[in-house]
Amino acid sequence: MREKNISSLLAKMDASAVIFDLDGTLVDNNAFHLKSWKQYIKNLGKEISEDEYNANINGRTNNDAAEYLFGKKMTREEALVYGLEKEAVYREMYAPFIKPVDGLLDFLKILKQLNVPMAIATSGIQVNIDFMFDHIPIREYFAVVVNSAHINKGKPDPEIYLKAAELLEVTPESCLVFEDAVVGIDSAKAAGMRVVAISTTHREEELQLADLVVRDFNELNDGAYRL
């Protein structure tokens, strides 16, 4: 029954390939990203609110985040120093709590059974991707992983999703994207893709540009959604 439900979703979305964001989509971790940013920049004499984080940091590359927080343009090398320090704080905080979003493991397993090609397109960095794979055994499902080091423009620019489609050797129009962030939805839509939003980070009403909004992957596995 679950295989039928997911096949039906793909058919309704006219999709033959699936691309996942990582933070907030594969793992419900954005509260830990916010806490780690708060702790890190507090040591530098700065503060950030949750609303400011969601509007200007969530879903974006560390380069974009550092430029926003410090109010100046930076080279990749300059921003990387801040990013690596902050991400080390994040991994230490999140390691005891890391787990997949509800229903994800079954969803990935069924997609694989259906021979659906899958990719990750994340604004994050490779060390955080490896951190997730070390704790959640899902590496085998993804033929392609695109991160911030592979692109010149971060979300909401469509580059990262277009790159993922290119590496999967599929058309953008055939891709269904899973996202939690408004900036990520904008990115995928600009790439010409359909989007399912997972409401781990934003309120449902903030995600209305997506084609479908669900709480987690169990809603999709069980067919408990309405298009």
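We number each residue from 1, following the sequence as shown. Since this is a predicted model, take the numbers as computed values, not measurements.
- Here salt bridge (Lys or Arg N to Asp or Glu O under 4.0 Å) pairs that include residues 187-214, with residues two or more places apart or in two chains, are K189-D211, R194-D211, R203-E205, R203-E206.
- For the residue pair N63 and R76, no side-chain donor N or O sits within less than 3.5 Å of a side-chain acceptor on the partner.
- Judged as a ring pair (Phe, Tyr, Trp, His ring centres under 6.0 Å), and not counting sequence neighbours, H150 has no contacts.
- Residues satisfying the side-chain contact (heavy atoms from CB on, under 4.5 Å) test with V81, not counting sequence neighbours, are E85.
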Taking only distance into account, with no hydrogens and no angle test, what donor-acceptor pairs under 3.5 Å do side-chain atoms of residues 92-114 form with protein atoms, sequence neighbours excluded?
residue	atom	partner	partner atom	Å
D106	OD2	R2	NH1	2.8
K112	NZ	E140	OE1	2.8

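- The side-chain hydrogen bond (donor to acceptor under 3.5 Å, both in side chains) test applied to N147 returns Q126, not counting sequence neighbours.
- Among residues two or more places apart in sequence or in another chain, the side-chain contact (heavy atoms from CB on, under 4.5 Å) test is passed with K86 by H33, S36, W37, Y40, Y90.
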Would you list the atom pairs, donor with acceptor, under 3.5 Å between side chains in residues 162-175 and any protein atom, with sequence neighbours excluded?
residue	atom	partner	partner atom	Å
T171	OG1	S174	N	3.4
T171	OG1	S174	OG	3.3
S174	OG	T171	O	2.7

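- By the side-chain contact (heavy atoms from CB on, under 4.5 Å) test, D51 pairs with S49, sequence neighbours left out.
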List the atom pairs, with distances to 0.1 Å, where a side-chain N or O of residues 55-62 and a protein N or O form a donor-acceptor pair under 3.5 Å, not counting sequence neighbours.
residue	atom	partner	partner atom	Å
N56	ND2	E52	O	3.1
N56	ND2	Y68	OH	3.3
N58	OD1	N30	ND2	3.4
N58	ND2	H202	NE2	3.4
R60	NE	N56	O	3.3
T61	OG1	D64	N	3.1
T61	OG1	D64	OD2	3.4
N62	ND2	E87	OE2	2.9

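- Considering only residues two or more places apart in sequence or on other chains, D134 meets the side-chain hydrogen bond (donor to acceptor under 3.5 Å, both in side chains) condition with none of them.
- In this view, R226 satisfies the side-chain contact (heavy atoms from CB on, under 4.5 Å) rule with no residue, not counting sequence neighbours.
- A salt bridge links K73 to E67: at least one charged side-chain nitrogen sits closer than 4.0 Å to a carboxylate oxygen.
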All N/O donor-acceptor pairs, side-chain side in residues 6-17, below 3.5 Å, sequence neighbours left out:
residue	atom	partner	partner atom	Å
S7	OG	E3	O	3.0

